Amino acid sequence: MGKPRVIYWFRTDLRLHDSPALKAALDLEPSAFWPVFTWDPHYVYRVKVGVNRWQYLLDCQNDLSSSIRKRNPKSKLFVLREAPQTLFPKLFKAWNVTHLVFEKDTDSYARERDSVIIDLAKKAGVEIITRYGRTLWDSDDVVAKNGGKPTMSITQLQAAGHKVGSIPRPIPAPDHLPDPGEMPVNFDQDQPDPEPDLNASHRIKEEKAYHNIAGPKDNFAVATLEELGFPTATTPHRGGETLALKTLDKIIADAEYTATFQKPKTSPTAFAPQSTTLLSPCLHFGALSPRLFYWRVQDVVDGYGKGASKPPESLTGQLFFRDMYFAAQAAVGAPFGRAVGNAHARFIPWHLPTTTKGDGRYHVDSSQAETWVRHWAAGTTGFPFVDALMRQLRAEGWIHHLGRHMLACFLTRGGCYVHWERGADVFEELLLDHEPACNAGNWQWLSCAAFYHQYFRCYSPVTFGQKWDRNGDYVRRWVPELERLDAKFIYEPWKASQAALDKAGVVIRGDGEEGGESEGNKKTYPEPMFDFGERRKVCIAAMKTAYSIGLYGDDERVKDGTWRALFEKAGETEMEGVDGSENDDDGAHADDAEYEAHGSVRGSSSKHSRGKNDSAANKTGPMDRHVKKQKTQ
DNA sequence: CTTACCGTTGGTACT
DNA sequence: AAGTACCAACGGTAA
């Protein structure tokens, strides 16, 4: 029995401070200690990760690696390019490993993957040690204290958290790390199947992610965007533990901001600087510990006395929401990320639902909805506030939480009546801070499928922006076509007089698909893609029908399609399978037309450039005709 | 059982 | 400018 030879497996905990798992690994007093990151093909190919988020991940890895090196010049973050499921059994042997240590992860894919790894380690006689530090409280403990049920309200989370116990105080970063052992690669590399590559559309060059297990220079280096075939990232936001801690210091130094923070009063239109902390991407990658964040803030609040804000509005309250979604997902499992099969989300027959085949595709039941979602994703809806938000999201990978509300409400229950899964797909790709539990949870919240139910409260793309930004500076920043338009019309340019438009040098015309950005000296901006007031009414009425029918995602009638009869009986026409297009009965639909499309909205980074054949927009399925016949009977 | 009130972040019309 | 009542009316929670 030699001394412990330990692999510390970094995943979504790219930091050295406050890591219970890292502490457990170092407490073994290893004779060999390898800080390792494995490239999971699931992340590289099977989930949508935009270029900006890749950049942020690589930032975090580079910073971590240099922090490790500072503590031991012989060490660094060793990046191995192979799926952990095939890599670890070989590594255990080749490096003579005795322990594998990592932070527990309650995401559904991670749970599945980690249980495989734990079995493999058992077989190899390698001891597994895990600890938890991803949320304030261990999500499984929260679920247990919530009666085994998902936490569906912030009250439940707070009550269950209270029962779990006090939030652990942060653990300082180690000031020294043990030497790594020898690292022979005397085994073959298992190559993953790159198909389907959900990120193929972003790549501008050959992707070389798995060309060599230790990277192109054979030195286990952190990858570059170029090796992945990606173009340069556009986000100004940079990642890494060092930066995260600096940002946190700056926030904490402002005691009044920290102690009196009220989320609903922070502005979604503030930019340079934004009104919130922008720490969410650091939390996602684990570059910042939520418990460190919590206690640094709480200590300020405790010292501030009267006038401090309280959860859920306060800064610490924001972390509670994160814990709530994590615990909800921990309880529900994989169905939490979907509608069908999710017993805790209402069934609402929105357009463009994901197919039940599990292939990531969705049902194009309405060409009109498909057109709307494309405009939504590209930032060409003709509603300036909506378009500004989407353009900032595409460029920077981050928008304010209330901006996300606006976009989500508009796409689902307050505008397009498109399924929240379509919006979640786009956010998953674009958000730097995309967190599976929080994304799915927030989309369910905003669409009133779960967590939130007041569907009659709708965000107006005109009024909501005006409430925060009378002059429309935010819109001018992101929709430069309207830069010079009078503030009176900046949120609703279709109402502007010809004189006002002439003065601003803009023409309101078309649907943004012509590709022409300028006409002479004038710029063009699209007409609004629908009458918002009308759509709002239609959506609220349809939500009322869906609520009164009261089905949930796990209902048999949802799975077998008999839900439709219930909605037809209720006289509902705004629903999946009914195409609202005015001009689509021109005989253009082939009988065997495909009615599925890839589960991603290809928002082109070059705006206004989407081709007409880019999607299944002009194809409809048999269901449409079926329903249309019924309508005209 | 009923009832009243609350729920992180709506919109409108009024004072 | 900021506060209030109302719109039409949801589910969860506590009394």
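Keep in mind that the numbers below use all heavy atoms, side chains included, and drop hydrogens, waters and symmetry copies. Keep in mind that what you see is a predicted model, and the values were worked out from it rather than measured.
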* Asked: Considering only the P atoms, how many Å lie between B:dC14 and C:dA8, rounded to the nearest integer?
  -> 15 Å
* Asked: On a whole-Å scale, what distance lies between the C1' atoms belonging to B:dT8 and C:dC6?
  -> 22 Å
* To do: Could you tell me from which nucleotide to which nucleotide of DNA chain C, 5' to 3', there is an atom under 4.0 Å from chain A heavy atoms?
  => C:dA9 to C:dT13
* Scan A:W350, A:W376, A:W443, A:Y362 and name whichever one has a side-chain contact (heavy atoms from CB on, under 4.5 Å) with A:R422. => A:Y362
* To do: Assign A:W445 to base, sugar-phosphate, or nothing according to its heavy-atom contacts below 4.0 angstrom with the strands shown.
  => base
* What nucleic acid atoms does A:R346 come within less than 4.0 Å of, heavy atoms only: base, sugar-phosphate, or nothing? -> sugar-phosphate
* To do: From the options A:R476, A:R391, A:R509, select the one residue that forms a salt bridge (Lys or Arg N to Asp or Glu O under 4.0 Å) with A:E481.
  => A:R391
* Structure fact -> For DNA chain B, the dot-bracket notation using Watson-Crick and G-U wobble pairs below 3.5 Å, [ ] for pseudoknot-type crossings and | for other-strand pairs, is .||||||..||||||
* Asked: Does anyone know the first and last nucleotide of DNA chain B in reach of chain A, 5' to 3', at under 4.0 angstrom to a heavy atom?
  -> B:dG7 to B:dT12
* With heavy atoms under 4.0 Å as the rule, sort A:F321 into base, sugar-phosphate or nothing. => base
* Asked: What integer number of Å spans the C1' atoms of C:dA9 and B:dC5?
  -> 14 Å
* Within the structure shown, what part of the strands sits under 4.0 Å from A:Q156 by heavy-atom distance: base, sugar-phosphate, or nothing? -> sugar-phosphate
* To do: Mind checking A:I540 for me? I need base, sugar-phosphate or nothing, with any heavy atom below 4.0 Å counting as a touch.
  => nothing
* To do: Quick one: label A:K544 by what it contacts on the DNA or RNA (base, sugar-phosphate, nothing), any heavy atom closer than 4.0 Å.
  => sugar-phosphate
